[in-house]
Amino acid sequence: MSTQADTGTRDDTRDDAPDEEPARRGRAARRGRAGIWRPLAVALVLALAAVGVRAFTEQRRDTSPAANRALLDAQATTKAVGDVSNALVKIFSYEHGDVAATERAAAGLLEGKAAEQYRGLFAQVKTQAPAQRLSLTTRVVRAGVTRMSGGTAHLLVFLDQVSTRGGRPAGGTAAAQLAVTAHLRGGQWRIAEIRSS
């Protein structure tokens, strides 16, 4: 009796062994796959973190005061203010008898969006100024560079404008405030964008 009981116990143990083996192999396989994917996941996280850190660093570098040459380079700032101020006086001043001179000046002083906008607006001036004998004189009251980086400068400019009709004043002095973006081309600052501000 006791012998059969012992044998039965041994048989139960033998029956359990084959069931545990596949489970053990499955766990080992899963550990193996996890072992492969874990380093890849860590590497991916590190790569993404590095990209994020680099983007943040570049953004900080671009917006840091040290990147703004307007704060550091007085000579470049003075040149930008002078070129842009002279350009604005030329493109926003005209005589009714020779509006073509203003148009020619603008062609050499403007580029990009500013040139396109100016051509559209000046088309009206070309027809109205001679017919109504209108003239406009523009003077820069104050100008300053707010930001300069590489070959791009952003300026804030305050203008006074006086118009005449037939040689007589046509109203008082009009004030304007402009936000200007200029690009350095061949040693000369050319206006690329003009916005009223």
Side-chain angles (χ1 to χ4, degrees), residues 58-197:
E58 287 177 2
Q59 182 182 9
R60 288 290 302 261
R61 191 182 306 127
D62 289 344
T63 57
S64 71
N68 187 358
R69 284 182 53 213
L71 303 174
L72 305 171
D73 193 339
Q75 187 175 357
T77 302
T78 301
K79 170 78 169 149
V81 168
D83 287 356
V84 169
S85 296
N86 290 335
L88 291 172
V89 167
K90 287 178 182 176
I91 67 173
F92 289 129
S93 298
Y94 57 83
E95 290 290 331
H96 64 83
D98 191 11
V99 291
T102 301
E103 190 174 27
R104 284 191 302 274
L109 300 168
L110 301 176
E111 65 179 32
K113 189 176 179 181
E116 291 172 24
Q117 290 174 334
Y118 188 83
R119 279 193 294 269
L121 293 171
F122 204 74
Q124 299 171 16
V125 172
K126 284 196 297 186
T127 57
Q128 293 176 5
Q132 298 179 25
R133 300 181 66 200
L134 291 172
S135 296
L136 182 68
T137 303
T138 298
R139 181 175 68 92
V140 173
V141 178
R142 192 174 185 100
V145 178
T146 57
R147 180 160 186 77
M148 182 183 290
S149 179
T152 301
H154 302 276
L155 299 90
L156 189 59
V157 184
F158 297 89
L159 304 174
D160 277 348
Q161 295 181 305
V162 177
S163 59
T164 60
R165 176 176 283 137
R168 295 183 180 177
T173 301
Q177 181 178 328
L178 303 177
V180 178
T181 301
H183 296 148
L184 188 61
R185 307 283 188 218
Q188 191 78 15
W189 289 95
R190 290 168 57 95
I191 297 173
E193 188 176 357
I194 303 172
R195 290 177 289 110
S196 58
S197 60

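What's counted below: heavy atoms across the whole structure, side chains too, no hydrogens, waters or symmetry copies. One is the number of the first residue; the rest follow in order along the sequence.
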**Request:** Ignoring hydrogens and angles, tell me if any N or O in the side chain of Thr138 forms a donor-acceptor pair with the backbone of Phe92 under 3.5 Å.
**Result:** yes

**Message:** Rounded at 0.5 Å granularity, tell me how far CG in Leu159 sits from OG in Ser196.
**Reply:** 11.5 Å

**Item:** Flag side-chain contact, heavy atom, 4.5 Å: Leu88 against Asn86
**Value:** no

**Message:** Tell me whether Gln161 at atom CD has more than 12 heavy atoms from other residues, nucleotides or ligands lying less than 6.0 Å away.
**Reply:** yes

**Item:** Within-4.5 Å side-chain heavy-atom neighbours: Glu111 and Ile191
**Value:** no

**Prompt:** So Asp73 and Met148, side chain to side chain contact (heavy atoms under 4.5 Å, CB included) or not? Walk me through it.
**Reply:** CA-CA 9 Å; Asp73 193 339; Met148 182 183 290; 5.5 Å; no

**Val81 vs Val84 side-chain heavy atoms within contact, under 4.5 Å** = no

**Message:** To the nearest 0.5 Å, what is the distance between CG on Leu109 and CZ on Arg104?
**Reply:** 12.5 Å

**Fill in**
Output for pair (Leu110 CG, Gln117 CD), nearest 0.5 Å, gives 10.0 Å

**Request:** Work out which heavy atom in Ala182 is nearest to a heavy atom in Leu155; give both atom names and the distance.
**Result:** CB-CD1, 4.4 Å

**Fill in**
What one should report as the nearest heavy-atom pair of Val145 and Ala80 is CG2-CB, 4.1 Å

**Message:** What's the separation between atom CD1 in Ile194 and atom CD1 in Ile91, rounded to the nearest 0.5 Å?
**Reply:** 4.0 Å

**Prompt:** If we only count heavy atoms from C-beta on, is the Val140 to Val157 side-chain gap below 4.5 Å?
**Reply:** yes

**Request:** Give a yes or no on whether the backbone of Lys90 and the side-chain of Ser93 come within a donor-acceptor separation of less than 3.5 Å.
**Result:** no

**Item:** Expected output: side-chain Asp160 to main-chain Ala175 donor-acceptor under 3.5 Å
**Value:** no

**Request:** Could you tell me whether Lys79 atom NZ has more than 12 heavy atoms of other residues or ligands within 6.0 Å of it?
**Result:** yes

**Prompt:** Which pair of heavy atoms, one from Tyr118 and one from Ala106, lies closest together, and at what distance?
**Reply:** CE2-CB, 3.3 Å

**Fill in**
Heavy atoms of Thr181 and His183 approach each other most closely as CG2-NE2, 4.2 Å

**Message:** Can you confirm whether Leu156 sits close enough to Gln177 that some side-chain heavy atom of one is under 4.5 Å from a side-chain heavy atom of the other?
**Reply:** yes

**Fill in**
Nearest heavy-atom approach of Ala129 to His96 is O-CB, 3.3 Å

**Request:** Using atom types as modelled and distance alone, determine if a side-chain donor or acceptor of Arg69 lies under 3.5 Å from a backbone N or O of Gly150.
**Result:** yes

**Prompt:** Any side-chain heavy atom of Phe122 within less than 4.5 Å of one from Val99?
**Reply:** yes

**Message:** If you apply the rule side-chain hydrogen bond (donor to acceptor under 3.5 Å, both in side chains), what do you find for His154 with Thr146, and how did you get there?
**Reply:** CA-CA 6 Å; His154 302 276; Thr146 57; 5.9 Å; no

**Asked** Looking at side-chain heavy atoms only, is the closest gap between Arg190 and Arg185 below 4.5 Å?
**Response** yes

**Request:** Determine the minimum heavy-atom distance between Gly151 and Trp189, stating which atoms define it.
**Result:** O-CZ3, 3.5 Å

**Request:** Check whether any side-chain heavy atom of Val141 lies under 4.5 Å from a side-chain heavy atom of Arg139, and answer yes or no.
**Result:** yes

**Message:** For Val125, is there any backbone N or O sitting under 3.5 Å from a side-chain donor or acceptor partner on Tyr94?
**Reply:** no

